[in-house]
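Reckoned from all heavy atoms, side chains included, excluding hydrogens, waters and symmetry mates. The chains referred to below are lettered A, B, ... by the order of the sequence lines, with proteins before strands, and numbering in each begins at 1.
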Number of protein chains: 2
Amino acid sequence: MSKGERTRAAILDQALALTSTDGLSGLTIGTLAEQLGMSKSGLFAHFGSKEQLQQAVVDHAAALFAETVVKPALDKPRGLPRLLAFFDGWIAWSKEPPLPGGCPLQAASFELDDRPGPLRDVVARTQGELRQFVAGGARRAIEAGHFRSDLDVDQFAFEAIAIAYAFTMNQRLLRHPLAEGWARTAIDGLVQRASRRVV
Amino acid sequence: MSKGERTRAAILDQALALTSTDGLSGLTIGTLAEQLGMSKSGLFAHFGSKEQLQQAVVDHAAALFAETVVKPALDKPRGLPRLLAFFDGWIAWSKEPPLPGGCPLQAASFELDDRPGPLRDVVARTQGELRQFVAGGARRAIEAGHFRSDLDVDQFAFEAIAIAYAFTMNQRLLRHPLAEGWARTAIDGLVQRASRRVV
DNA sequence: ATGTAAAACGAACGATCGTTCTTTTGTCAA
DNA sequence: TTGACAAAAGAACGATCGTTCGTTTTACAT
């Protein structure tokens with residue numbers, strides 16, 4: 001790994017942390033350079049424009065989520081176990097993210113929803129992929145016989161993602177002590193209703 | 001209504017529209033003044049600081065939501081009918097809000113969740129009130145015999161709000177054509193499970 | 001209609017924004 | 001060790017940020 005690549009990686013790490021607290025549009029080259037102890041122009045040269053920096057941050061966030069939440073779940077067997085492991089990792093991610101200010105992608109989902117441009121597209125793509133990942137997991141659970149065969153996997157993914165967003169809001173904004181319990185109960189119910197009727 | 005009050009109201013209307021697209025921190029006195037055809041200093045004098053302007057915008061947004069969504073629902077009889085009317089109004093609000101860029105309060109929920117200060121407190125208060133309003137509605141539905149008596153109204157409110165957030169995301173960011181259908185199905189299921197077992 | 005207070009303006013402040021240069025420093029293979 | 005190129009710094013740019021202040025205009029009660 002060359003010097004440039006190392007610096008770029010360090011910039012992205014710090015930029016991701018800053019974005020998680022201040023948002024993508026609160027991300028500033030000046031403060032970022034100051035936090036890293038380097039010059040604005042030196043930092044700037046790595047990305048060419050602020051928008052490209054923001055896009056790199058979004059990609060970096062998605063990669064971190066994949067590494068932290070998705071990858072460990074892939075160790076579990078397909079179907080329900082993997083899905084449950086994913087939900088567990090997801091709750092942990094939302095509860096105590098490896099970032100000081102919560103998931104930057106969720107924040108960006110609302111920050112950019114009406115600001116057309118490449119940045120919005122990148123965020124929309126990652127959220128769309130997440131949706132499809134959950135729906136795909138549900139489909140696998142059907143194939144494995146864990147979920148009932150008439151389950152609407154898209155509806156399932158919608159409700160699962162809904163719980164994640166609401167958990168973040170209740171946990172991070174309202175700091176409600178019951179937030180995690182609500183989220184787990186909701187997930188349990190969702191999985192229960194999706195499961196094969198054993199009665 | 002004096003001249004000053006009229007101007008202040010006009011400023012808040014425009015500021016709310018601008019906030020809905022650019023977020024609370026994207027709200028800028030310069031662009032706001034330009035859109036209104038008045039001077040920065042003249043506008044500034046109405047609020048004393050940018051943070052007070054932002055707080056006023058949050059209050060204004062909450063008032064608009066109360067007027068547009070909550071108030072019409074209060075015409076319906078207590079319990080389930082009122083709750084259903086509220087959900088209907090809520091979906092309409094999220095789908096085609098009287099603002100160009102979606103609900104500013106939802107966006108602010110993620111924008112400010114880790115930035116302590118009076119602004120964060122105002123947003124948290126309005127979201128907390130919303131939660132309690134929904135939970136209270138569910139409680140009324142229990143009293144009216146529409147919902148089962150062992151329903152956890154806080155859990156109910158959590159899941160209802162979750163659906164609203166997810167709907168906004170799928171509708172505004174992903175622009176998914178099935179978003180409304182998913183939201184309505186989710187709400188139906190939630191109400192169904194909360195309802196008295198008539199079997 | 002007149003006087004007074006409220007409301008809006010215009011100009012300027014220092015600070016910071018993203019970006020563009022040129023120059024200096026550092027890396028790394030030959 | 002030298003030479004070529006990548007990486008970082010430094011200074012400056014016009015623009016915009018929130019805010020202050022003194023002046024001018026407008027509204028409104030008497």
Report the residues that fulfil salt bridge (Lys or Arg N to Asp or Glu O under 4.0 Å) with [X], sequence neighbours left out, ordered by chain and then residue number.
{"X": "A:Glu180", "answer": "A:Lys95, A:Arg184"}
{"X": "A:Lys71", "answer": "A:Glu67"}
{"X": "A:Arg6", "answer": "none"}
{"X": "B:Glu111", "answer": "none"}

Just the atom pairs and distances: protein N or O near nucleotides 24-30 of chain D's N or O, under 3.5 Å.
{"from": "D:dC28", "atom 1": "OP1", "to": "B:Lys3", "atom 2": "N", "distance (Å)": "3.2"}

Margin query: Within the 4.5 Å heavy-atom criterion, are A:Phe133 and A:Phe86 side-chain neighbours or not?
Written below: yes
Margin query: Taking the side chain as everything from C-beta on, heavy atoms only, tell me whether A:Leu32 gets closer than 4.5 Å to A:Lys40.
Written below: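 A side-chain contact under 4.5 Å is absent here.
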Measure the distance from [atom1] on [X] to [atom2] on [N] and round it to the nearest whole Å.
{"X": "B:Gln52", "N": "D:dT19", "atom1": "CD", "atom2": "C1'", "answer": "13 Å"}
{"X": "B:Phe47", "N": "C:dA8", "atom1": "CZ", "atom2": "P", "answer": "11 Å"}
{"X": "A:Met38", "N": "D:dA8", "atom1": "CE", "atom2": "P", "answer": "5 Å"}

Next item on the list: Establish, with yes or no, whether the OP1 or OP2 oxygen of D:dA6 is under 4.0 angstrom from a side-chain nitrogen or oxygen of A:His46.
Entry: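 So the side chain of A:His46 is outside the cut-off, no N or O lying under 4.0 Å from OP1 or OP2 of D:dA6.
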Item checked: Ring centroid separation B:Phe65 to B:Trp93 under 6.0 Å ->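 Yes; B:Trp93 has its ring centre under 6.0 Å from that of B:Phe65.
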Next item on the list: Using a 4.0 Å cut-off on protein heavy atoms (strictly under), produce a 5'-to-3' string for nucleotides 10-20 of chain C with B for base contact, S for backbone-only sugar-phosphate contact, and - for none.
Entry: B------SBBB
Next item on the list: Look at the rings of B:Trp182 and A:Phe158 and say which category their plane angle falls in: under 30° parallel, 30 to 60° tilted, over 60° perpendicular.
Entry: tilted
